[in-house]
Amino acid sequence: MLYPFKEIEEKWQRYWQEKQSFKAIHSPDKKKFYCLEMFPYPSGKIHMGHVRNYTIGDVYSRYKWLEGYSVLHPMGFDAFGQPAENAAIKNNTKPDIWTHKCIDWMKIELKKMGFSYDWDRELSTCDSPYYKWNQWIFLKMYERGLAYRKASNVNWCSSCQTTLANEEVVDEGCWRCHTKVKQKDLEQWFLKITEYKERLLDSLKQLKDWPSRVIAMQSNWIGKSQGVEIYFRCKDSDKEITVFTTRVDTIFGATYVVLAPEHPLVKEIIKGKPQEKEILSFIEKVANESKVARVKEDVKKEGVFTGGYCINPTNNEVIPIWIADYVLMEYGTGAIMAVPAHDQRDFLFAKEHSLPMRIVIQPTGHPSTTLRSGSPQSTEQMTQSYEGDGVQVNSGEFDGLPNSEAKIKIAQWMEAQGMGKIVTHWRLRDWLISRQRYWGTPIPMIYCKACGVVPVPYEDLPVELPQDAPFTGEGGSPLGKVKEFVEAPCPKCKGNARRETDTMATFFDSSWYFLRFSSPHFQGSPFNAQEAKYWMPVDQYIGGIEHAILHLLYSRFFTKFFKDLGLIEFDEPFRCLLTQGMVLKDSEVMSKSKGNIVDPDSIIKEYGADTLRLFILFAAPPETELEWDERGIEGAFKFLNRVWRIQENLKDNAEPQLVRILHKTIKKVTEDIADFKFNTAIAGIMELVNAIYQMGADKEVFIKLVLLLSPLVPHFSEELWEKLGNTESILKSQWPNYDASLLVEEKASIVIQVNGKVRSKLEVARDIVEAELKPLVLADEKLKAWIQDKPVKNFIVIPNKLVNIVV
RNA sequence: GGGCGGAUGGCGGAAUUGGCAUACGCGCAAGACUUAGGAUCUUGUGGGGUAACCCUUGGAGGUUCAACUCCUCUUCCGCCCACCA
């Protein structure tokens, strides 16, 4: 009764493997399509998120195969990283062995889903033929000054015993284990991604087929803001305080200056002042505060007066210098000019400490502005700051100008007078890649007492990761404890030297793997330029939104770097991007801690991979969250059985009406799959199946139905395809075309509205002219009651669709 | 606070971009077949009303012959960024 999914799936998985059905072939005469899903971390088990991600990519790849493209659809493993070390400690094994075992398990599960990967191109980032090129890339970056070492205050996770990039700090905690991050000084390797900031921002414009929110997130992360740096001379010394502002139009309203507590000038300013002691204790207090607490909105802005004064260069006014916790050393210059009348934080602070304020932007007469701002005429009346637009007042020669105009004029004037400088500020920081971990790519550098920092020569690559290292889980780089690794001759003077014992952040590994897939076994360079030229860029990239910033930004950075090396001619790696939604159960993310995980393997056992694929595709559009529903799985399974039974009752000839529906379905499914609307594509196929149950299908219709299903439920379709008498795989067939002439019906069903409400329907000849249609409509009995004897004011006709009679 | 995205039956979700709201599936109900049904097939299924009809896409207005779709205001939810100067 039920279709034998188990035998079918095993049979076709074996067939595809034996026939190498998904081998990507570089054929210059054919259009290529590179479909890539973000490769997984080999934890050993695939979860529903993987299943969803990879099913989407698989359907698209198979569809492209049938459309005649030469398809590259590879899979690999992002295999370096901490869990392998933790597992090594816990299970007393080696990270290498543990990881490869996990990869093997995962491959078995991926194969059980019937994904169309070219397994000959498989790669793992933890294998030296791959990470050798990480080292090569690092050396190239070093040569060009893009990799550099710097002692710096770094984010430190005491649980993972490692440094973290700013991007890896989430809510002040480690992105992996959520332990609170501390600050620590260490010599670290950085990549100068900031050198590419303008290009990374500008070429976002090229990415027309990326989700707009990913573009926005990247753009915010790069954080370009234009403004002016203003120099405030201190009153009693030759020191200068530089502040950054994006609102230079409010400069005449600056009534005090605020420094971050950590600002280097603070100590000098307060020296010898009566308040010195009090201020130092305030600074201490802020330093001990967690950043989370400091940033909390409801917390009062705290600050103290330094006793010092400085001079506003635009009007020579002497204004006090304060210190406050709401000014951050990490942003801008660590100092601000405070304009309480036009900045809400400054406003609250000024009220609290009875500091003066001055209005310099007066809302214009425009009612909406006035109403919303409350348009106070004096500072006493103000209950909040006014941050909107208006005209300049109390601003010297700039009075009367609209502030948007004044902003530019004041900036230019100040620059000309040497009071300040027009600058562009960026939020993007250089990328810290050093990790005090074992399971990663060794950074190919040697420290020699005589020669200093010496790069490992290219011919000595790879610097292999030693098999054995002590894992205690306690501080420092495990590699530092492996004597044979650490001790190395200096490449320059051949004297005794030490290797770098830190490894690279794993985001390095994943920043170029998509290029390696074009020629995964190539020996001469990270990838074969000819192959990359044919296959790249990735035509469709699919993965989770959680990688919207880091992974995608780094990959874009590396691609631009490769272009600068002359290895490729494009500078954006991913043409189209799809970010799939998460899989939820009971409206919550599936996770171990919540204990609501549904194991794909158990679903495959009970219903088969095709049913799982079909459910996941049908339950929601790919970009939205997907609510797991056991009954939905059963529905998908029932549908496949319903299709399976059709073959038992094929007729000799299909009715013309069914053929018409078939062609409509082909059109719909083609368009929907091309647009990733798998849910409606499947709904369309279900309608066709319902029509077949009504009218009965012949073999021709059934063949087309199976073809339409084949990207979605491949094993099922291959089996039916074979039963239909085909001797070759359905993959060798072609995506069906539809006959446009069959889509046009002879009759048109017209909806008739009276005053915009549907009152009747009418079957008329297609493309009937209005003159003929009108009397037919007006003769309709059902309309009589609605029209009565009222005069027809308007008679609106939408051809072949609708008539609206206005009375 | 800033940015982006949402809100449609009991549930997941459709709606050719301004033209029949609720396609398709789940669920539910009835019937057929059956020794049996948690299988299969058929039919029904937004709400109210005996009915004619009326109401319905978070809420309030507006534009239009016609609004889930466009505009204004508003409420709630999700995600990302954030004392960003």
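Proteins get letters first, then strands, A, B, ... in listed order; numbering begins at 1 in each. For the numbers below, each heavy atom of this structure counts, side chains included, while hydrogens, waters and symmetry mates do not.
- Atom CD1 of A/I323 is separated from atom P of B/C83 by 20 Å (rounded to the nearest Å).
- With its glycosidic angle within 90° of 0, B/G9 is assigned syn.
- Computed from coordinates, the A/E387 CD to B/A85 P distance equals 10 Å when rounded to whole Å.
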Does the pair A/T194 and A/D430 meet the rule for a side chain to side chain donor-acceptor pair (under 3.5 Å), with working shown?
CA-CA 6 Å; A/T194 53; A/D430 279 343; 2.6 Å; yes
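- Between B/C80, B/C83, B/C84, one nucleotide has an atom nearer to the side chain of A/R427 than all others, and that is B/C84.
- Of the residues in residues 334-351 of chain A, those placing a heavy atom less than 4.0 Å from an atom of RNA chain B are A/I336, A/R345, in numerical order.
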Go through the steps to decide whether A/T242 and A/E229 satisfy the test side chain to side chain donor-acceptor pair (under 3.5 Å), and finish with yes or no.
CA-CA 6 Å; A/T242 304; A/E229 272 183 11; 5.4 Å; no
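- Nucleotide B/G78 holds its P atom 12 Å from the CE atom of A/M582, rounded to whole Å.
- Side-chain N/O atoms of A/D780 and A/S760 include a donor and acceptor closer than 3.5 Å.
- Taking atom P on both B/A15 and B/U64, the two are 28 Å apart, rounded to the nearest angstrom.
- Note that A/K774 lies in the cation-pi zone of A/F795, set by a 6.0 Å cut-off to the ring centre and a 45° limit from the axis.
- Between B/U72 and B/G12, the distance separating the two P atoms is 29 Å to the nearest Å.
- Separation of the C1' atoms belonging to B/G59 and B/C76 is 10 Å when rounded to the nearest angstrom.
- Distances shown here put a side-chain N or O of A/K757 below 4.0 Å from the OP1 or OP2 atom of B/C55.
- Using a 4.0 Å cut-off between charged side-chain N and carboxylate O, A/K285 and A/E302 make a salt bridge.
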In B/S/- notation (B base, S sugar-phosphate only, - none; protein heavy atoms under 4.0 Å), nucleotides 20-33 of chain B written 5' to 3' is B--BBSSS------
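- The distance from atom CG of A/N649 to atom C1' of B/C41 is 12 Å, rounded to the nearest whole Å.
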Before giving the answer on side chain to side chain donor-acceptor pair (under 3.5 Å), spell out for A/Y386 and A/D343 the whole-Å C-alpha distance, their side-chain angles and the decisive distance to 0.1 Å.
CA-CA 7 Å; A/Y386 175 70; A/D343 181 285; over 6 Å; no
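- Going from atom CD1 of A/I796 over to atom P of B/U64 covers 12 Å, rounded to whole Å.
- Below the 3.5 angstrom threshold, one finds no donor paired with an acceptor across the side chain of A/N220 and the base of B/C81.
- The nearest whole Å value for the distance from the CD atom in A/E262 to the P atom in B/C83 is 13 Å.
- Of the candidate nucleotides B/C4, B/C81, B/C53, B/C4 has the atom lying nearest to any side-chain atom of A/R213.
- The pair A/E634-A/K638 does not count as a salt bridge, with every side-chain nitrogen at least 4.0 angstrom from each carboxylate oxygen.
- To the nearest 0.5 Å, atoms CD (A/Q226) and NZ (A/K407) are separated by 10.0 Å.
- The gap from the P atom of B/A39 to that of B/G48 amounts to 28 Å, rounded to the nearest Å.
- Between A/E671 atom CD and B/A15 atom P the separation is 12 Å, expressed in whole Å.
- Because its glycosidic torsion is within 90° of 0, B/U17 is reported here as syn.
- Separation of the P atoms belonging to B/G27 and B/C71 is 39 Å when rounded to the nearest angstrom.
- Note on ring orientation: taking the six-membered ring where Trp is involved, the planes of A/Y3 and A/W644 are tilted (angle from 30° to 60°).
- Atom NZ of A/K6 is separated from atom CD of A/E606 by 14.0 Å, given to the nearest 0.5 angstrom.
- Comparing the C1' positions of B/A23 and B/A14 gives a spacing of 5 Å, expressed to the nearest Å.
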Could you summarise the pairing of RNA chain B as dot-bracket text, marking Watson-Crick and G-U pairs under 3.5 Å with ( ) or [ ] inside the strand and | across strands?
(((((((..(((......[....)))((((((.......))))))(((....)))..(((((..]....))))))))))))....
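- Here, B/U75 and B/A60 have their P atoms 15 Å apart, quoted to the whole Å.
- Across B/G1 and B/C70, the matching P atoms stand 26 Å from one another, rounded to whole Å.
- Within the 6.0 Å centre-distance limit, the rings of A/F615 and A/W628 are counted as a close aromatic pair.
- Atom P of nucleotide B/A85 and atom CG of A/D249 are separated by 13 Å, given to the nearest angstrom.
- Here the CG atom belonging to A/L200 is positioned 8.0 Å from the CD atom belonging to A/Q218, to the nearest 0.5 angstrom.
- Looking at which nucleotide of RNA chain B each of A/N755 and A/P621 is closest to, the 5′-most match is held by A/P621.
- Between A/Y693 and B/C41 there is a side-chain N or O to OP1 or OP2 distance below 4.0 Å.
- Of the residues near RNA chain B, A/R247 and A/I805, the one whose nearest nucleotide (by heavy atom distance) lies more toward the 5' end is A/I805.
- Defined by atom type and a distance below 3.5 Å, a donor-acceptor pair is missing between the side-chain atoms of A/N312 and A/Y256.
- Distance CD/A/E240 to SG/A/C310: 10.5 Å, rounded to 0.5 Å.
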